[in-house]
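Shown next, in structure tokens, is the structure this report addresses.
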Amino acid sequence: MRVLLVHPGPLMYSEIYLRLEPLGLERVGAALRAAGHEVRLLDLQIFRPRDYVRELEAFKPEAIGFSLNYLANVPEVIDLALETKRRLPRSFVFAGGHSGSFIAPELLDHARDALDCVVRGEGEVIAPRVLEAIGDRGLETLPGVVTRHGVGPAPTLLDDLDRFPPARDLTRRRRKYFIGILDPCASAEFTRGCPWDCSFCSAWTFYGRSYRKASPEAAAEDLARIAEPNVFLVDDVAFIHPEHGFAIGRELERRGIEKQYYLETRCDVLLRNREVFTYWTRLGLRYMFLGIEALDEEGLRLHRKRVTPSQNLEALEVARALDLTVAVNIIADPDWDERRFAIVREWAASIPEIVHLTVNTPYPGTETWFTESRRLTTADYRLFDVQHAVLPTRLPLRRFYEELVRTQAVLARKHLGAAALRDAAGLALRLVVKGQTNFVRSLWKFNSVYHPDRQQGDHEKPVTYAMRPPVVPGSARPRPSELYVHVPANRREDAPGAAPPGEPASAA
Ligand code: B12
Ligand code: SF4
């Protein structure tokens, strides 16, 4: 069967700082190919909607699968599904991905009959079975599959991450993928899932708090296939198990693979496993993202980060000692006033790290979705991109955005401004000479993307598809079983916090 997989367009954040390959779709694509299908992939972070229409006309796909990792992309995907059915009424249209998995019935309602099904959870195993079952009345009896007529059983986890290595040849114009000065940059995955349970995050609820590892050989083999000199490791928390990181590293050394790496981890994991991070700096680790989220004890407790402010500061020291370029994220609460923004600006100016500021946003699949959804001020999916306020702001909305953008501008100037460019001038020139212009272009983009007028104006756009609040909105903490997409059979604990502080529950 001819299958077209589609990643929707970029959100605000990706308009400046980065653009990364759709690894999930490449994995689903690999599984579909293994089942004998002819697969194409179109990434609308790079291509335009008119390219999508051309692809429909030229390739005439019999099945079209959309990736819905991001809630803010929902209206775009619904409109694309409607357009697809208008042009190719006999095609089979389906969607999957992180956010889509938490809101399957409402997606089907918005799309009316333009979406034939939504696939919850991991796509590698189930996508080929879905295509096999097209036209079959039993479609909705497949694990993770939801149609207008029924809901299949809970999705099953992929038993082995080594199966279906990403089909990177499916992505076109790969030179467009980059993050900062890692330009161009590929993505890779060593582990999947997260055993912690932060209240604002849905990484743990999607994977049922499970944690799986690729074998060191398969991980190294995958990196060996990557042509780009730089790699973004998409793992939620890198190197929870240091021996796994060491084993992959040794495989890379054995094969003589040399790249520059970006990864994300937790401060306590860096402190506990600093040897493996030190070892990886020798292999090419250059950039690290640390999820700090809050500067004070109370904020960290509310996010259930299970770290202390002093651990966070110590981790920054360790990363500095390793000579890594470090980015941290702080979650801005809509309740902040001018003073809180000023404190963050001051703190950010006082440290050498890159500081990102995102807005506290309750997402379906998170605990805060249940506890905060009564207070939502909008039902517009497009505003759920952590760059807009969807909860009541203490400051008037316009003032909130002025403070937010002013703070983000100060932070952006630190690493995208003239001084930063002076430091990176040699590198920027070398990239431009090679025709790699993503990083250089990003240096001037901030003001054209972030502006209080744009952010406030976004709230005034008409809403065609309205989000549904949780079935029982309330302020009580939900049980994890109400949140999970994947519910691993071997996990029966039913209360967040079952893991001792700092110790993941099932990082086995
Ligand atoms: C890597 C990553 C990114 C990359 C994007 C890579 C890309 N182009 O897709 C970058 C760094 C750019 C990024 C940015 C952002 N991200 Co992000 N990101 C992740 C992360 C850590 C891993 C995703 C990944 O690659 N996983 C590995 C692959 C193999 O899995 P996958 O993509 O989920 O695909 C599997 C399934 O979902 C499914 N599937 C996926 N698509 C489809 C399609 C079909 C048809 C089917 C059948 C199945 C299917 O099958 C795949 C294989 O099993 C997730 C957290 C997580 N653990 O999922 C957050 C996450 C998805 N990001 C999140 C957020 C908030 C953002 C930002 C908005 C943050 C910001 N600061 O502004 C931006 C916006 C990005 C944009 N669209 O422009 C949130 C999502 C929130 C939401 N509910 O909308 C998550 C869940 C993080 C979190 N902890 O809350 N992100
Ligand atoms: S440590 Fe917390 S924020 Fe990070 S992926 Fe795990 S649950 Fe999400």
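Note that ligands are numbered from 1 as they come in the structure, with each ligand's atoms numbered from 1 the same way.
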Which segment of Leu25 sits under 4.0 Å of ligand 1 when only heavy atoms are counted: side chain
Pair Glu132 + Arg129, salt bridge at N-O below 4.0 Å: no
Phe200, Phe206, Tyr207, Trp204: member with heavy atom nearest to atom 30 (O) of ligand 1: Tyr207
Distance-only donor-acceptor check, side chains Tyr207 and Asp236, under 3.5 Å: no
Cation-pi, Trp196 ring and Arg266 (6.0 angstrom, 45 degrees): yes
Subset of ligand 1 atoms that lie under 4.0 Å from at least one heavy atom of Asp236: 21 (C), 55 (C), 56 (C), 57 (N)
Ligand 1 atoms in contact with Cys201 (distance to a heavy atom under 4.0 Å): 89 (N)
For ligand 1, the portion of Thr366 having any non-hydrogen atom under 4.0 Å away: neither
Check ion pair Arg2-Glu62 (N to O, under 4.0 angstrom): yes
Carboxylate-amine/guanidinium proximity below 4.0 Å for Asp113 and Arg148: yes
Region of Phe232 that comes within reach of ligand 1 [heavy atoms, distance under 4.0 Å]: side chain
Within-shell test, Arg19 vs ligand 1, heavy atom, strictly < 4.0 Å: no
Part of Ser67 within contact of ligand 1 (heavy atoms, under 4.0 Å): both
Residues in side-chain contact (heavy atoms from CB on, under 4.5 Å) contact with Phe92, at least two apart in sequence or another chain: Ala63, Phe94, Asp116, Cys117, Val130, Leu131, Ile134, Leu139
Location of contacts on Val386 toward ligand 1, heavy atoms closer than 4.0 Å: side chain
Contact partition for Tyr363 relative to ligand 1, non-hydrogen atoms under 4.0 Å: side chain
Between CZ on residue Phe66 and CG on residue Leu42, distance to nearest 0.5 Å: 9.5 Å
Numbered atoms and elements of ligand 1 in range of Thr358, under 4.0 angstrom, heavy atoms: 71 (N)
Part of Glu264 within contact of ligand 1 (heavy atoms, under 4.0 Å): neither
Any Gly121 heavy atom less than 4.0 Å from ligand 1: yes
Test item: side-chain donor near acceptor, Gln455 and Asp458, under 3.5 Å: no
Polar protein atoms near atom 2 (Fe) of ligand 2 [N, O or S; cut-off under 2.8 Å]: Cys198 SG
Within reach of ligand 1, part of Val130 (heavy-atom separation under 4.0 Å): neither
Ring geometry between His459 and Tyr401 (parallel below 30°, tilted from 30 to 60°, perpendicular above 60°): tilted
The one among Glu124, Arg27, Glu21 that brings a heavy atom closest to atom 52 (C) of ligand 1: Glu124
CA sep, side-chain torsions, deciding dist, call: Leu107, Ile78, side chain to side chain contact (heavy atoms under 4.5 Å, CB included): CA-CA 8 Å; Leu107 289 175; Ile78 301 286; 4.2 Å; yes
Euclidean distance, Tyr363 OH relative to Thr361 OG1, rounded to 0.5 Å: 5.0 Å
Note: Glu26-Arg225 ion pair, threshold 4.0 Å (strictly below): no
Carboxylate-amine/guanidinium proximity below 4.0 Å for Glu21 and Arg175: no
